[in-house]
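Data block below; observations after.
Letters A, B, ... mirror the listed sequences (proteins, then strands); counts begin at 1. Values below: all heavy atoms of this structure, side chains included; hydrogens, waters and symmetry mates excluded. Quick caveat: nothing in here was measured; it's all calculated off a predicted structure.
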Amino acid sequence: MRLLWLGVLSRRFQHVPLRDTCRQASRGAKANKAGWEEKVENSVKWRQLEHKGPYFTPAYEPLPDGVHFFYDGKPVKLSVAAEEVATLYGKMLHLECATKEVFQRNFFRDWRKEMTAEERKLITHLDKCDFVEIHKHFMEKTEARRTLPREKKQKLKEEAEKLQQEFGYCILDGHREKIGNFKTEPPGLFRGRGDHPKMGMLKRRVMPEDVVINCSRDSKIPKPPAGHQWKEVRSDNTVMWLAAWMENIQNTFKYIILNPSSKLKGEMDWHKYEVARRLRGVVNKIRAQYQADWKSPEMKKRQLAVALYFIDKLALRTGNEKEEGETADTVGCCSLRVEHVRLHGKADGQEHVVELDFLGKDSIRYNNRVTVEKLVFQNLQHFMEDKDPGDNLFDALTTASLNKHLQSLMEGLTARVFRTYNASVTLQEQLRVLTRGLPDYPVQKEMVESGIALWFLPLPQWDIVQPTQEAEDSLTSKVLAYNRANRAVAILCNHQRAIPKTFEKSMQKLQQKIETKKAQVTEAQVELEKLKADLRTRGGSKSKSFLRKQQRLLKLEEQLARLHKKATDKEENKQVALGTAKLNYLDPRISIAWCKRFGVPIEKIYHKTQRERFAWAFNRADKDFEF
DNA sequence: TTGTGTACTTAGCAGTTTTAAA
DNA sequence: TTTAAAACTGCTAAGTACACAA
C-alpha cells in the first residue's frame with residue numbers, strides 16, 4: 001500500500017484565522033478507492049468528528065483556615081495565586097526531585113512571578129519557607145481518600161464514570177469511540193526525566209482560551225465553559241486530534257486524542273506492522289548493502305552504513321538532534337558522541353569489542369559490549385580519530401539523511417521500522433525456540449477462542465472444567481515461555497524499569513518460603529526412607545500410609561520446583577519492563593497465532609485494555625500467521 | 001541545506017484496583 | 001478480615017518523522 005502523506009494542506013498551526021479555518025482534505029480524488037486505503041492515501045483521517053471538548057481541571061480550592069504557610073517562622077496568609085503554587089510544591093515535599101537544586105531554583109523563580117508585589121518583597125529566600133503544614137494537609141487528604149468507606153468510594157467511582165460518559169467519548173464516522181485523555185492536564189511543577197534543566201518550573205493551568213477545538217463543521221460544536229471562549233474552532237480532517245493547546249514549559253503542543261482501542265488508532269497500528277513486515281522481504285538485501293558500504297571510499301556512506309548496522313543489530317533509536325540546554329542530555333544513534341564509545345581490540349576473550357555507554361530516551365542508561373566485524377571496528381576507529389570526547393561520532397550524518405536513504409531502499413522505511421521489525425521477529429523466533437518440546441495443553445476449542453470471542457460477541461457460556469495439575473503446569477510453563485520471549489525483546493530494546501521498592505523484601509520472603517519447603521521435602525524424604533527400610537525388613541506390599549507419604553513427597557517436590565521457577569522469573573524480571581515492547585513493538589498477531597496454536601487462553605497474555613487495543617488483530621491472525 | 005513547527009508514537013512511573021496470602 | 005503483592009490504568013514526558021520556509 002502506498003502512503004503518500006500528500007501534505008496538500010499547510011500544516012502551520014498558528015496564525016490561522018478564527019472560524020473560517022476548514023481544511024477538509026480532498027474527497028473526490030480517489031473516490032474509486034474504499035475505506036482505509038483511501039483514507040491513508042489522502043491522509044484523510046475522518047469524515048465526521050463530534051465531541052464535547054476537554055474536561056477542565058476544577059478551579060483551585062483554597063487551603064482551610066487551620067493550614068498555614070510560614071515564612072521565617074511566622075505564618076503568612078498568601079494570595080490565592082501564590083498559595084496555589086505553594087501547594088503544588090508542598091505536595092511534592094517528600095519526593096526526591098523536590099530536593100534538587102535546579103528544581104528548587106526553577107520553582108522559586110516561577111513562584112515569585114505569581115506573588116503580589118508585597119509577597120515578593122517579603123518572600124526572598126526559599127530556605128526560609130516552611131511548607132510542612134501544607135504537606136501534612138495533603139498527605140492526610142490522600143490517606144482519608146484511601147480509607148473512605150466502601151459506599152463513598154463507590155459513589156466517587158460512579159461520578160468518575162458519569163464524567164467519562166459525558167466527556168470521554170466522541171463520534172467518529174458514525175462510531176462512538178473512546179477518547180484517550182479527555183481531561184486537560186492540571187497545573188503542576190514540571191517533572192522532567194533525568195537531569196532536566198527545567199524541572200520545578202510551573203506548568204500553568206490550561207484555559208479554554210488556550211484550546212483549539214477540531215471537529216467537523218456540521219457537528220455539534222462543543223461549548224466552552226460559561227464565560228469563556230475557545231482559542232479557535234477548526235475542522236481539519238487530516239489530523240487525529242480533537243483538541244490541542246500549547247504547553248508553557250517546552251512550548252510544544254498537547255493533544256486530546258483517541259483511545260488506543262479506537263478503530264482509527266487500530267488501523268494506524270496495523271499499518272505500522274505491515275510496513276515492518278515488508279522490511280522482512282528486503283532486509284537481507286539492505287544488510288548486504290550496508291556491509292558492502294563499510295568499505296566505501298566515501299566517509300558519509302561509511303558512517304551511514306555503520307549507523308544503520310547499529311540501528312539494525314542493537315535496535316538503537318535514530319537519535320534526532322536536540323536543542324542544547326532545553327532538555328536532559330540524551331542521545332540516540334545519530335547523536336552519539338565520541339565519549340559514548342569505547343573500543344577494545346581485545347576484551348573478554350573476544351576481538352573487536354565495542355562498548356556503548358550513554359543515556360537514551362527518558363535518561364535510561366544504555367550500556368552494552370558487543371563484538372563487531374573487523375571493518376566496523378576499523379571504521380569506528382577512523383570516525384573517532386582527531387575528535388574530542390564531545391564531538392559527534394557520526395558527524396557526516398543526520399537523521400533526515402539517514403531516513404532519506406532508507407526511503408530509497410523501501411517505501412515507507414524509516415529507522416524506527418527496524419526496531420519494530422527486529423522486536424517482532426525476535427518474539428516469533430523466541431516463541432518457536434522456547435515452546436518447542438512443551439506438552440500441549442489439552443483445552444477445549446471454546447476455551448481457546450474464549451478470549452478472542454470476548455471482543456466481538458457476548459461472552460459464551462460453557463462449563464468451566466478445572467484443568468488437571470499437569471495441564472495447569474503446562475499452561476504455566478507456556479506463559480512463562482511467552483514472558484521469556486517478551487523479555488528477550490525488552491532487553492533488545494533496552495526497556496528498563498526501576499527496581500520495585502519492595503523487591504528486596506518480597507524476594508527475601510520468597511527465599512524464606514523456599515527454605516521452608518526444602519525442609520519439608522527433606523523431612524518427607526526421611527520419613528519415606530524409614531518406611532522403605534521397614535518394608536525391606538518386614539516384606540509384604542506397600543501400605544496405604546506408604547503410598548500417601550509417597551504422594552505427599554511428590555507434591556512437595558513439585559511445589560518446590562514451582563517456587564524456584566517463580567524466584568528465577570522474579571529475579572530475571574526485576575529491572576526489565578515488559579509492557580512497552582508488548583504495547584508498541586510486538587505485532588499482536590504473532591501472540592494471537594501462538595495462543596491459538598498452543599491452546600493458551602488469550603487473557604493469559606493480554607489483559608482487558610490490551611485486548612481492546614489489539615482488537616484490529618483478532619480477525620487478522622489464524623494459528624498459522626507468520627510475521 | 002538547515003531550522004522550525006506540528007503531529008504522532010513510545011516511554012516509565014505512580015496511583016489505584018484486584019488478587020493472593022497470612 | 002487484614003495485609004501484601006501483583007496487575008492494571010492513567011498520566012504526561014520524550015522521543016521520531018516529516019512538511020515547509022528561509
Where do Asp587(A) and Ser424(A) land on the side chain to side chain donor-acceptor pair (under 3.5 Å) test, with the steps shown first?
CA-CA 6 Å; Asp587(A) 188 332; Ser424(A) 284; 5.5 Å; no
[Y] and [X] aromatic ring geometry - parallel, tilted or perpendicular at 30°/60° bounds:
X         : Y         : value
Phe107(A) : Tyr89(A)  : parallel
Phe253(A) : Tyr255(A) : tilted
His94(A)  : His135(A) : tilted
His340(A) : Phe358(A) : perpendicular

Let's see if you can work this out: which of [options] has an atom nearest to the side-chain heavy atoms of [X]?
X         : options                   : result
Thr609(A) : dC8(C), dT9(B), dT6(B)    : dC8(C)
Lys505(A) : dT12(C), dA11(B), dA5(C)  : dA5(C)
Met240(A) : dA5(C), dC8(B), dC8(C)    : dC8(B)
Tyr585(A) : dA5(C), dA17(C), dT10(B)  : dT10(B)
Arg193(A) : dT9(C), dA6(C), dG12(B)   : dG12(B)
Gln250(A) : dA14(C), dT12(C), dC18(C) : dA14(C)
Arg416(A) : dA11(B), dT9(B), dC8(B)   : dT9(B)
His495(A) : dA7(B), dA4(C), dA11(B)   : dA11(B)
Tyr255(A) : dC8(B), dA14(C), dT10(B)  : dC8(B)
Lys513(A) : dA22(B), dC11(C), dT16(C) : dA22(B)

Per nearest nucleotide of DNA chain C, the residue lying toward the 5' end, Thr502(A) or Lys178(A), is Thr502(A)
Of Thr184(A) and Lys322(A), the one whose nearest nucleotide on DNA chain C sits closer to the 5' end is Thr184(A)
Report which part of the nucleic acid [X] touches: base, sugar-phosphate, or nothing (heavy-atom distance under 4.0 Å, all strands).
X         : value
Gly319(A) : sugar-phosphate
Asn320(A) : base
Gln407(A) : sugar-phosphate
Lys570(A) : sugar-phosphate
Lys203(A) : sugar-phosphate
Thr398(A) : nothing
Ala400(A) : nothing
Arg146(A) : nothing
Ala328(A) : nothing
Pro260(A) : nothing

Checklist entry - Do Lys162(A) and Glu166(A) meet the salt-bridge criterion of a basic N to acidic O distance under 4.0 Å? => result no
Fill in: N/O donor-acceptor pair, side chain Lys272(A) with base dT9(B), under 3.5 angstrom
no
So does [X] get a side-chain nitrogen or oxygen closer than 4.0 Å to the phosphate oxygens (OP1/OP2) of [N]?
X         : N       : answer
Lys254(A) : dA13(C) : yes
Thr330(A) : dA14(C) : no
His607(A) : dT18(B) : no
Lys45(A)  : dC8(B)  : yes
Thr414(A) : dT16(C) : no
Lys404(A) : dC18(C) : no
Asn181(A) : dC11(C) : no
Lys509(A) : dA5(C)  : yes

Tell me: [atom1] of [X] to [atom2] of [N], nearest whole Å?
X         : N       : atom1 : atom2 : answer
Met507(A) : dA6(C)  : CE    : P     : 10 Å
Met199(A) : dC13(B) : CE    : C1'   : 15 Å
Arg497(A) : dA7(C)  : CZ    : C1'   : 11 Å
Ile499(A) : dG12(B) : CD1   : P     : 14 Å
Trp245(A) : dA13(C) : CH2   : P     : 10 Å
His196(A) : dA13(C) : NE2   : C1'   : 8 Å
Gln610(A) : dA7(C)  : CD    : P     : 12 Å
Glu324(A) : dT4(B)  : CD    : C1'   : 18 Å

Val283(A) and Tyr421(A) have their tightest heavy-atom pair at CG1-OH, 3.4 Å
>> Between His196(A) and Phe190(A) (judged by ring centroids, cut-off 6.0 Å), do the two rings come close enough to count as a pair?
In response: yes
The reported gap from NE2 in His405(A) to CG in Leu413(A) (rounded to nearest 0.5 angstrom) is 9.0 Å
Assign each of Ala581(A) and His94(A) the nucleotide of DNA chain B bearing its closest heavy atom; nearer the 5' end lies the nucleotide of Ala581(A)
Heavy-atom nearest nucleotide on DNA chain B taken for Lys361(A) and for Glu321(A); more 5' hit belongs to Glu321(A)
